[in-house]
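A short worksheet on the structure shown next.
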Amino acid sequence: MNGPGILIVEDEIIVALDIQSSLERIGYGNVRIASDGVQALEMVEEEAPDLILMDILLKGAGADTADGVSIALMVKERRDIPIIYITAYADDTTLQRAKLTQPYGYILKPFEERELRTTIEMALYKHRMENELRKSEERYRRFFEEDLTGDFIVDGNGVIVTCNPAFARIFGFSSTDEAIGTGFPLLFPSVTDWESFIRSIRENRMLVYHERELRRADGSPLYIVTNTTGVFDGGRLV
């Protein structure tokens with residue numbers, strides 16, 4: 001079937017079939033129904049739907065206290081699937097519990113098909129963007145970690161807040177953990193050299209192929225070429 005796979009988790013079959021009909025009318029043909037929590041979890045494992053429409057008052061989950069929120073939490077432990085709650089109940093206690101599952105939508109019955117479609121499309125879009133952001137962050141993290149150049153970030157006080165293994169190796173630290181938290185000014189021959197370096201960044205905002213003498217962790221001299229970019233907030237180096 002075409003389109004995203006949608007799983008309706010609803011223990012009242014008439015209600016479930018009505019929602020399925022609404023979905024088909026607005027263009028979603030790949031729709032399945034789970035009538036209880038156990039079946040829902042099985043279908044999540046076997047079919048990995050793209051989105052779940054969950055009834056909050058779901059019963060039959062295998063435990064007396066389990067409901068749709070409990071099942072949603074179990075789903076999140078197994079799969080990264082966006083969940084939208086469809087329910088007739090919107091009391092504060094239910095809303096607070098539902099928030100724990102970080103749902104992608106909360107539709108109150110009765111609803112219009114246009115509202116249902118909009119909520120589904122926004123949920124799928126948000127989930128797709130989050131996945132792309134995670135992939136981008138992972139690519140950046142791998143580049144940062146595997147780069148042969150020493151990469152690092154210091155805060156406005158000159159303290160190293162992160163660095164890659166190459167930086168730790170170049171400056172003679174045993175690990176990145178040892179380097180993080182170190183005052184970067186300590187790696188300069190003198191306070192005057194550090195102040196000159198900071199002044200150059202404030203004036204130029206970026207230093208390209210800047211040659212400088214620094215110090216390793218053991219105090220031995222180190223001659224490097226650095227590209228450094230300052231981050232400014234209202235003209236203030238941060």
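Position 1 is the first residue of the sequence; numbering continues from there. Only heavy atoms go into these numbers, but all of them, side chains included; no hydrogens, no water, no symmetry mates.
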From [atom1] ([X]) to [atom2] ([Y]), nearest 0.5 Å:
X	Y	atom1	atom2	result
Ile107	Ile120	CD1	CD1	6.5 Å
Leu214	Trp194	CG	CH2	10.0 Å
Ile86	Met54	CD1	CE	11.0 Å
Ile83	Leu7	CD1	CG	9.5 Å
Ile13	Ile33	CD1	CD1	4.5 Å
Ser70	Ile56	OG	CD1	10.5 Å

Check: Should we say atom CD of Glu138 is surrounded by more than 12 heavy atoms from elsewhere, each under 6.0 Å from it?
Finding: yes
Next item on the list: Count the heavy atoms of every other residue, nucleotide or ligand shown that sit under 6.0 Å from CD of Gln102, and state whether that count exceeds 12.
Entry: no
Notebook entry, point to check: Can you list the steps and then say if Leu41 with Val75 is a side-chain contact (heavy atoms from CB on, under 4.5 Å)?
Noted result: CA-CA 7 Å; Leu41 293 174; Val75 169; 3.9 Å; yes
Side-chain contact, heavy-atom cut-off 4.5 Å: [X] with [Y]?
X	Y	answer
Ile52	Val44	yes
Tyr106	Thr87	yes
Asp36	Asp11	no

Next item on the list: Hydrophobic side-chain clustering at under 4.5 Å (ILVMFWY, transitive links): who's grouped with Val208? Put none if nobody.
Entry: Met206, Tyr209, Val225
Hphob cluster co-occupancy, [X] + [Y], side-chain heavy atoms under 4.5 angstrom:
X	Y	result
Val154	Phe232	yes
Leu186	Ile224	no
Met122	Ile81	no
Leu17	Leu53	yes
Val15	Ile26	yes

Keeping to residues at least two apart or across chains, list the salt bridge (Lys or Arg N to Asp or Glu O under 4.0 Å) pairs with something in [range].
range	result
residues 121-136	Asp80-Arg134
residues 157-166	none
residues 213-222	Glu213-Arg215
residues 177-201	none

Indicate the atoms forming the closest heavy-atom contact of [X] with [Y], along with that distance.
X	Y	answer
Ala123	Leu51	CB-CD1, 3.8 Å
Arg78	Met74	NH1-O, 3.0 Å
Ala72	Tyr85	CB-OH, 3.2 Å
Pro4	Leu124	CG-CD1, 3.8 Å
Gly230	Ile201	CA-CG2, 3.8 Å
Ser196	Arg212	OG-NH2, 4.2 Å

Item checked: Any residue meeting side-chain contact (heavy atoms from CB on, under 4.5 Å) with Glu137, in chain and number order, not counting sequence neighbours -> Leu133
Item checked: Donor-acceptor contact present, side-chain Thr101 to main-chain Ala98, <3.5 Å -> yes
Check: Has the side chain of Asp50 got a donor or acceptor atom that lies under 3.5 Å from a matching backbone atom of Gly5?
Finding: yes
Note to self: Evaluate Glu12 against Lys109 for salt bridge (Lys or Arg N to Asp or Glu O under 4.0 Å), listing each step before the verdict.
What the structure shows: CA-CA 14 Å; Glu12 295 185 23; Lys109 302 174 185 176; over 6 Å; no
Check: Applying side chain to side chain donor-acceptor pair (under 3.5 Å), which residue pairs with at least one partner in residues 221-231 are found, sequence neighbours left out?
Finding: Thr226-Thr228
Check: Passes side-chain contact (heavy atoms from CB on, under 4.5 Å), Arg117 versus Ser22? Steps please.
Finding: CA-CA 9 Å; Arg117 185 179 186 280; Ser22 294; over 6 Å; no
Next item on the list: Given side-chain contact (heavy atoms from CB on, under 4.5 Å), test Gln96 with Lys99 step by step and report yes or no.
Entry: CA-CA 5 Å; Gln96 292 304 317; Lys99 287 179 182 178; 3.4 Å; yes
Donor-acceptor list for residues 155-169 side chains, cut-off 3.5 Å, not counting sequence neighbours:
residue, atom, partner, partner atom, Å
Asp155, OD1, Asn157, N, 2.9
Asp155, OD1, Gly158, N, 3.1
Asp155, OD1, Val159, N, 2.9
Asn164, OD1, Asp151, N, 2.9
Asn164, OD1, Phe167, N, 3.0
Asn164, ND2, Phe144, O, 3.0
Asn164, ND2, Asp147, O, 3.4
Asn164, ND2, Thr149, O, 2.8
Asn164, ND2, Asp151, OD2, 3.3

Next item on the list: Check the angle between the aromatic planes of Phe184 and Phe188 and answer parallel, tilted or perpendicular using the 30° and 60° thresholds.
Entry: perpendicular
Note to self: Applying salt bridge (Lys or Arg N to Asp or Glu O under 4.0 Å), can you list everything that pairs with Arg32, at least two apart in sequence or on another chain?
What the structure shows: Glu47
Check: In chain order, what residues pass the salt bridge (Lys or Arg N to Asp or Glu O under 4.0 Å) check against Arg139, with sequence neighbours excluded?
Finding: none
Item checked: Inter- and intrachain pairs under ring-ring contact (aromatic ring centres under 6.0 Å, His included), touching residues 110-139, at least two apart -> Tyr104-His127
Notebook entry, point to check: Can you list the residues that meet the ring-ring contact (aromatic ring centres under 6.0 Å, His included) rule with Tyr28, with sequence neighbours excluded?
Noted result: none
